[in-house]
Amino acid sequence: MKRSCYCGELHAGMIGEEVVLEGWVNRRRDHGGVTFVDLRDREGLVQVVFSPEVSPQVHERAREIRSEFVLRIRGKVSRRPPGTENPKLKTGEIEVVATEVEVLNTARTLPFRLDDKDLSEEVRLTYRYLDLRRPWMQHNMKLRHRAAMAIRQYMDSLGFIDVETPFLTKSTPEGARDYLVPSRVNPGKFYALPQSPQLFKQILMVAGFDRYYQIVKCFRDEDLRADRQPEFTQIDLEMSFVEREDVMEVVEGIVRTVFELIDVELPEKFPIMSYKEAMLKYGIDRPDTRFGLLIQDVSQLFESTKFTAFKETLEKGGIIRGFKAPSGARFSRKELDNWGKRAREFGARGLISIKVTDQGLQSNLLKYLSSGEAEGLKEAFQVQEGDVIFLAADKEERVADVLGRLRLEVANALDLIPEDTYSPLWVVDFPLLDWDEEEKRYVAVHHPFTSPMDEDLPLLDTDPLKVRAKAYDIVLNGQEIGGGSIRIHRRDIQKKIFDLLRIGEEEARVKFGFLLEALEYGAPPHGGIALGFDRVMAILTRAESIREVIAFPKTQKAQCLMTGAPSPVDERQLKELKIKLTATPEEK
RNA sequence: GGGGUCGUAGCUCAGCCCGGUUAGAGCGCCGGCCUGUCACGUCGGAGGGCGCGGGUUCAAGUCCCGUCGGCCCCGCCA
């Protein structure tokens, strides 16, 4: 007996056919006389009827069947008796009347019901093979597969070549912590698992492949979040002889292609916003543009204010910004106090809230404001009755950060974030460098191989922090789903950057000399990007965390509850690697 | 490294604030009955000593300290 089709594929057109099904018992309903079994496989469910009138022996066998037993069934596809159809089931018009049944395997009682909606992740991850049987997870994994297939097809159609890059590679300075792999044949030396194939893809451009892509695992030994796993998957690509716009066009195509899978049509071109504008209006470099509540600078309104807090802030070179929350006036006094508390948790010194009522502006700040300032606020925020204005004063970065976070939480509280909207955009013109106060040196905002903007090149010598990078992030609904840049392909500029990063000649040579050397052998101008595949899939499936779209994810402590990894290893293995532990795993 | 939150039956949770009979519920599980159910119904039953360790107390799921683990967040994540 061979399976003739999947349970979920049966339909009314097959009535009268004899079929052989193989699958799991989703549920058994024993009526003493007739017994029903819902048989499940990856494509769906169908009701199987065990009737004593059809076969007393088969009916008798059905008594021993329990949930999640694996069965092979021969039977006839039949129309259900009138009145017994189940419109909730895709196969609800029909049922399979069993003429033979074979128990291929029994199953212990499951630790949880597969249809339980409130399972803890701890239990789900411990029994991930059972969790993955659930329709939601099957759907996610299938959609992930289809997305990967669609991307490969799209990339191939554009002439991109999939080249595999090594997992056992060289530890790189800068960036995230590396996962290290000891080399037995080279005692005392370690490989690192790649944080990304960055250097290899650039080398492939030097090698003349022109267009490279890979859907590839990357590894970063950093703390986990809902959208961060120690191993994750990137859609990685690199192109030669291109400018920023060329990369963007390809990526927009990828994202559009993937969203077609859930019947969402994204625009041909995604909006482009400068880093500066994002920080000003959204207080964050990955703005959620699905809703308003835009932040505005109102510093100049208060140039001659009598309100001491504002006055002092401005005198110290700080700024005053705020945003308007439509319908926010429905917040009670206590709720507004809580927003102030929240702002302080974010690091603000305080938060001013002003209600717009039919009596005019209402706030305990009002007595300190001139009528001109009050009018100015109304004008600046174009207020309507029922709005609330939130204002914060501090140095620029602090205000941006506080208001940026507050904007998200307030919008959430007021239910102003539309569910079914997908709002992609590019953020560009990032600064190339940032100043690390602790290490007293510049650090690369993106990575050390990112090209400065041509027109900013002179600034490298005079005011490095002002230099903008040829970098671009793609943001969707407030989540960074990818980032990339045009790379430096000239050795002299690369050297200048290393100097600023205080990466010495010798250090550079040791750490990525191979790339520097490669750049000297006719490296074409090139650039690329990496997209977070897991994050894209999480958005596509509306999952709360990327763990929902990863078959075997790690917990926040970076452990696998199913396998127990990571685990101690034999003394013998360590000895072979010439590794001595300074503490036992128990001691930590 | 830090903040928050949770940990009681196989699962989901109540009980903890205000210590005091044999620690509860729903679902699941086991057994009986039931020929049209599909979250089947119905009758009956089993099952935990409250994550772990210590302390306070006549008495600790309940209070205190520590620790382990799940989740969220800050730092970190070129």
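Naming convention: chains lettered A, B, ... in sequence-line order (proteins, then strands); numbering from 1 in each chain. Computed from a predicted structure; not experimentally measured.
Look at rG49(B): its glycosidic torsion is within 90° of 0, and that puts it in the syn range. In this structure, rG61(B) shows a glycosidic angle within 90 degrees of zero, which is the syn conformation.
Each salt bridge (Lys or Arg N to Asp or Glu O under 4.0 Å) pair with one or both residues in residues 49-64 of chain A, not counting sequence neighbours, appears once here: Glu60(A)-Arg63(A), Arg61(A)-Glu64(A). Sequence neighbours left out, not one pair with a member in residues 38-84 of chain A passes ring pair (Phe, Tyr, Trp, His ring centres under 6.0 Å).
Looking at heavy-atom distances under 4.0 Å, Thr450(A) makes no contact with the nucleic acid at all. Within 4.0 Å (heavy atoms only), Gln198(A) reaches at least one base atom of the nucleic acid. Residue contacts for Gln556(A): at a heavy-atom cut-off of 4.0 Å it reaches a base atom on one of the strands shown.
Considering only the side chain of Thr84(A), rU37(B) comes nearest among rU37(B), rU12(B), rC77(B). Nearest nucleotide to the side chain of Glu95(A), out of rU12(B), rG36(B), rG32(B): rG36(B). The side chain of Asn86(A) sits closest to rC38(B) out of rC71(B), rC38(B), rG36(B). Comparing rC38(B), rC71(B), rG75(B) against the side chain of Arg80(A) picks out rC38(B) as the nearest. The side chain of Arg63(A) lies closest to rG32(B) when the candidates are rC72(B), rG32(B), rC73(B). Each of rU35(B), rG70(B), rG36(B) was ranked by its minimum atom distance to the side chain of Glu53(A); first place goes to rU35(B). Comparing atom distances between the Glu122(A) side chain and each of rG70(B), rC38(B), rC76(B) picks out rG70(B) as nearest. With rC29(B), rG1(B), rG36(B) as the choices, the nucleotide that has an atom nearest any side-chain atom of Thr109(A) turns out to be rC29(B).
Residues Asp178(A) and Gln195(A) meet the side-chain proximity criterion, which asks for heavy atoms closer than 4.5 Å. Side chains of Met14(A) and Cys5(A) form a contact here, defined as non-hydrogen atoms less than 4.5 Å apart. Residues Glu238(A) and Arg487(A) form a side-chain contact, since some pair of their non-hydrogen atoms from C-beta on lies under 4.5 Å apart. Residues Ser55(A) and Thr99(A) are not in side-chain contact: their nearest non-hydrogen atoms beyond the backbone lie 4.5 Å or more apart.
Under 4.0 angstrom from either OP1 or OP2 of rA39(B) there lies at least one side-chain N or O belonging to Lys88(A).
Side-chain atoms of Arg225(A) come within donor-acceptor range of the base of rG75(B), with a qualifying N/O pair under 3.5 Å.
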Scoring nucleotides 40-53 of chain B by protein non-hydrogen atoms under 4.0 Å (B base, S sugar-phosphate only, - none) yields B-------------

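Exactly one of Arg124(A), Lys117(A), His139(A), Arg113(A) qualifies for a side-chain contact (heavy atoms from CB on, under 4.5 Å) with Arg134(A). That residue is Arg124(A). Partner Asp463(A) forms a side-chain contact (heavy atoms from CB on, under 4.5 Å) with one of Leu460(A), Val467(A), Leu459(A) and no other, that one being Leu459(A).
Residue ring and base: Phe112(A) does not count as stacked with rC11(B) (centre distance below 5.5 Å and interplanar angle below 30° not both satisfied).
Atom CZ in Arg124(A) sits about 11 Å away from atom P in rC71(B), given to the nearest Å. The separation between Asp118(A) atom CG and rG7(B) atom C1' is 16 Å, rounded to whole Å. Rounded to whole angstrom, the span from the CZ atom of Phe346(A) across to the P atom of rC72(B) amounts to 17 Å. When rounded to the nearest whole Å, the span between CG of Asp116(A) and C1' of rG26(B) equals 11 Å. One interatomic measurement links the two molecules: CD of Glu85(A) to P of rC38(B), which rounds to 14 Å at whole-angstrom precision. Rounded to an integer number of Å, the gap from Glu222(A) CD to rC73(B) C1' is 16 Å. Rounding to whole angstrom units, CZ of residue Arg220(A) and P of rG75(B) are separated by 17 Å.
Partner assigned to rU42(B) is rG32(B), using Watson-Crick or G-U wobble distances below 3.5 angstrom. Summarising the base pairing, rG69(B) is matched to rC6(B) through a Watson-Crick or G-U wobble pair whose two defining distances lie under 3.5 Å. rG47(B) is unpaired under the Watson-Crick or G-U wobble criterion, no partner having all donor-acceptor distances under 3.5 Å. With a cut-off of 3.5 Å on both Watson-Crick or G-U wobble distances, the partner of rG19(B) is given as none. Across all strands shown, rC63(B) forms a Watson-Crick or G-U wobble pair, both distances under 3.5 Å, with rG55(B). A 3.5 Å limit on both hydrogen-bonding distances identifies rU12(B) as the Watson-Crick or G-U partner of rA25(B).
For an aromatic pair to be called close, the ring centres must be under 6.0 Å apart, and Phe167(A) with Phe219(A) satisfies this.
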